[in-house]
*Asks:* 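Below you'll find the structure I mean.
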Amino acid sequence: MKCYVIYHIHIFEDGNEDYKIIGIFSSYDKALEVKEKYSSELPGFKDFPEEFCIEEFEVTGLDMAKQRTVYVIFTYIYKNGEEEELSVIKIVKNQEESKKFIKKYKSKNKIKKNQYFDYEKYNLDEKCWQEGFITYECKYEGNT
């Protein structure tokens, strides 16, 4: 079965990225509907409507009549102590498959020293980040 990831990537002037997965949808039309709503109504998103993407993934063995959750596997790279270059690499039907895929992927591909893998559970057709997003500059102070 096919699933559609909708995400928004905002690139700041300094090159840092703000990557938000909006949701995983069971049809392209549902994903497109959410994209259109977010890009016209929600704060932050409506200011950068061209930064939305919809990507298709095949999820082997998913039976939507019985299961309404999937696991999104992603990889990210840390540079200068901050997460950069996040990308979704696969969607699978359960946690066990997530672990197996990551192990197999690492054994077959050249992995960078600062590259990490993880997975998250998502409910199909559920919208995330419903409040939009706001960007602002923040300076941290503390005992560092």
Side-chain angles (χ1 to χ4, degrees), residues 1-138 140 144:
M1 162 167 191
K2 293 182 181 175
C3 288
Y4 300 85
V5 178
I6 179 171
Y7 53 92
H8 187 269
I9 301 176
H10 179 71
I11 301 174
F12 295 94
E13 290 177 16
D14 65 2
N16 286 322
E17 294 181 0
D18 180 31
Y19 186 104
K20 293 190 177 5
I21 293 179
I22 305 303
I24 315 302
F25 297 90
S26 58
S27 75
Y28 181 81
D29 289 341
K30 287 180 183 180
L32 187 58
E33 181 182 313
V34 171
K35 175 186 173 186
E36 289 171 357
K37 180 177 173 111
Y38 275 40
S39 63
S40 65
E41 296 178 12
L42 291 181
F45 292 130
K46 69 180 182 180
D47 299 324
F48 303 98
E50 68 284 352
E51 296 175 347
F52 281 97
C53 297
I54 298 175
E55 193 171 351
E56 178 183 285
F57 287 87
E58 184 69 36
V59 184
T60 305
L62 181 64
D63 180 356
M64 285 199 25
K66 297 178 182 176
Q67 180 179 345
R68 300 297 299 168
T69 59
V70 292
Y71 285 76
V72 175
I73 302 169
F74 52 92
T75 183
Y76 53 95
I77 295 174
Y78 268 96
K79 292 183 180 175
N80 301 322
E82 293 189 21
E83 183 181 300
E84 293 185 13
E85 298 180 36
L86 181 108
S87 61
V88 173
I89 54 176
K90 182 122 176 113
I91 299 176
V92 296
K93 65 180 184 174
N94 59 40
Q95 186 176 19
E96 183 180 322
E97 284 188 26
S98 299
K99 291 176 182 179
K100 286 180 183 177
F101 177 83
I102 291 171
K103 185 176 180 178
K104 186 175 180 179
Y105 188 91
K106 286 179 175 180
S107 71
K108 291 188 171 196
N109 295 283
K110 186 175 181 179
I111 306 302
K112 297 177 183 175
K113 185 172 104 176
N114 55 345
Q115 184 176 6
Y116 299 91
F117 295 84
D118 209 347
Y119 55 88
E120 285 186 24
K121 183 178 181 180
Y122 282 84
N123 295 323
L124 285 170
D125 300 326
E126 184 176 290
K127 295 177 271 189
C128 304
W129 297 101
Q130 295 186 54
E131 67 281 354
F133 84 94
I134 300 169
T135 59
Y136 59 93
E137 289 190 30
C138 181
Y140 294 96
T144 56

*Asks:* Assess whether atom CD of Glu55 is packed by more than 12 heavy atoms of other residues, nucleotides or ligands within 6.0 Å.
*Replies:* yes
*Asks:* Flag the pair Tyr119 / Phe74 as yes when their ring centroid distance falls below 6.0 Å, and as no otherwise.
*Replies:* no
*Asks:* Between Glu58 and Met1 (side chain of the first, backbone of the second, donor and acceptor by atom type, cut-off under 3.5 Å), is there such a pair?
*Replies:* yes
*Asks:* Between Val59 and Val92, what is the shortest heavy-atom contact and its length?
*Replies:* CG1-C, 3.9 Å
*Asks:* How long is the straight-line distance from NZ of Lys99 back to CD1 of Ile73, given to the nearest 0.5 Å?
*Replies:* 12.0 Å
*Asks:* For the CG atom of Asp63 and the CZ atom of Arg68, what is their distance to the nearest 0.5 Å?
*Replies:* 10.5 Å
*Asks:* Could you tell me whether a side-chain N or O of Asn109 sits under 3.5 Å from a main-chain N or O of Ile111, the two making a donor and an acceptor?
*Replies:* no
*Asks:* Answer yes or no: is there a donor N or O on one side and an acceptor on the other, between the side chain of Thr75 and the main chain of Ser87, under 3.5 Å?
*Replies:* no
*Asks:* Is there side-chain contact between Lys35 and Leu32, with heavy atoms separated by less than 4.5 Å?
*Replies:* yes
*Asks:* For the residue pair Val70 and Cys3, what are the closest heavy atoms and their distance?
*Replies:* CG1-SG, 4.5 Å
*Asks:* Mind checking whether Phe48 and His10 have parallel, tilted or perpendicular rings, split at 30° and 60°?
*Replies:* tilted
*Asks:* Go through the steps to decide whether Ile102 and Asp118 satisfy the test side-chain contact (heavy atoms from CB on, under 4.5 Å), and finish with yes or no.
*Replies:* CA-CA 8 Å; Ile102 291 171; Asp118 209 347; 5.9 Å; no
*Asks:* Go through it in stages, so that I can follow the logic: the residues are Ile24 and Ile91, the test is side-chain contact (heavy atoms from CB on, under 4.5 Å), and I'd like the CA-CA distance, side-chain angles, deciding distance and then a yes or no.
*Replies:* CA-CA 9 Å; Ile24 315 302; Ile91 299 176; 4.2 Å; yes
*Asks:* Which value, rounded to the nearest 0.5 Å, describes the distance between Ser40 atom OG and Lys46 atom NZ?
*Replies:* 8.5 Å
*Asks:* Is there a donor-acceptor pair closer than 3.5 Å between any side-chain N or O of Gln115 and the backbone N or O of Lys112?
*Replies:* yes
*Asks:* Output yes when a side-chain donor or acceptor of Asn123 lies under 3.5 Å from a complementary backbone atom of Glu126, and no otherwise.
*Replies:* no
*Asks:* Could you grab the distance from atom NZ of Lys93 to atom OH of Tyr71, nearest 0.5 Å is fine?
*Replies:* 12.5 Å
*Asks:* Could you pull out the closest heavy-atom pair between Ile6 and Ala31, with the gap in Å?
*Replies:* CD1-O, 3.6 Å
*Asks:* Within the supplied structure, the quantity of interest is the number of heavy atoms (other residues, nucleotides, ligands) at a distance under 6.0 Å from Glu50 CD; does it exceed 12?
*Replies:* yes
*Asks:* How about Phe117 and Lys106: do any of their side-chain heavy atoms sit closer than 4.5 Å?
*Replies:* yes
*Asks:* Dump the intermediate steps for salt bridge (Lys or Arg N to Asp or Glu O under 4.0 Å) on Glu96 and Lys100, then the final yes or no.
*Replies:* CA-CA 6 Å; Glu96 183 180 322; Lys100 286 180 183 177; 3.0 Å; yes
*Asks:* Under a 3.5 Å threshold, yes or no: a donor from one side chain and an acceptor from the other, between Asp125 and Ser26?
*Replies:* yes
*Asks:* State the OG-NZ distance between Ser98 and Lys103, to the nearest 0.5 angstrom.
*Replies:* 14.5 Å
*Asks:* What do the steps show when you test Lys127 against Phe25 for side-chain contact (heavy atoms from CB on, under 4.5 Å), and what is the final call?
*Replies:* CA-CA 9 Å; Lys127 295 177 271 189; Phe25 297 90; 4.2 Å; yes
*Asks:* For Tyr38 and Cys128, which heavy atoms make the closest approach, and how far apart are they?
*Replies:* OH-O, 2.8 Å
*Asks:* Kindly state whether the ring of Tyr7 and the ring of Phe52 have centres lying under 6.0 angstrom apart.
*Replies:* no
*Asks:* Run the numbers on Glu33 and Asp29 for side-chain contact (heavy atoms from CB on, under 4.5 Å), then give the verdict.
*Replies:* CA-CA 6 Å; Glu33 181 182 313; Asp29 289 341; over 6 Å; no
*Asks:* Distance check, rounded to the nearest 0.5 Å: Ile54 atom CD1 versus Lys30 atom NZ?
*Replies:* 13.5 Å
*Asks:* List the atom of Val5, the atom of Ile21, and the distance in Å for their closest heavy-atom pair.
*Replies:* CG1-CG2, 4.3 Å
*Asks:* Does Tyr4 have its ring centroid less than 6.0 Å away from the ring centroid of Phe57?
*Replies:* no
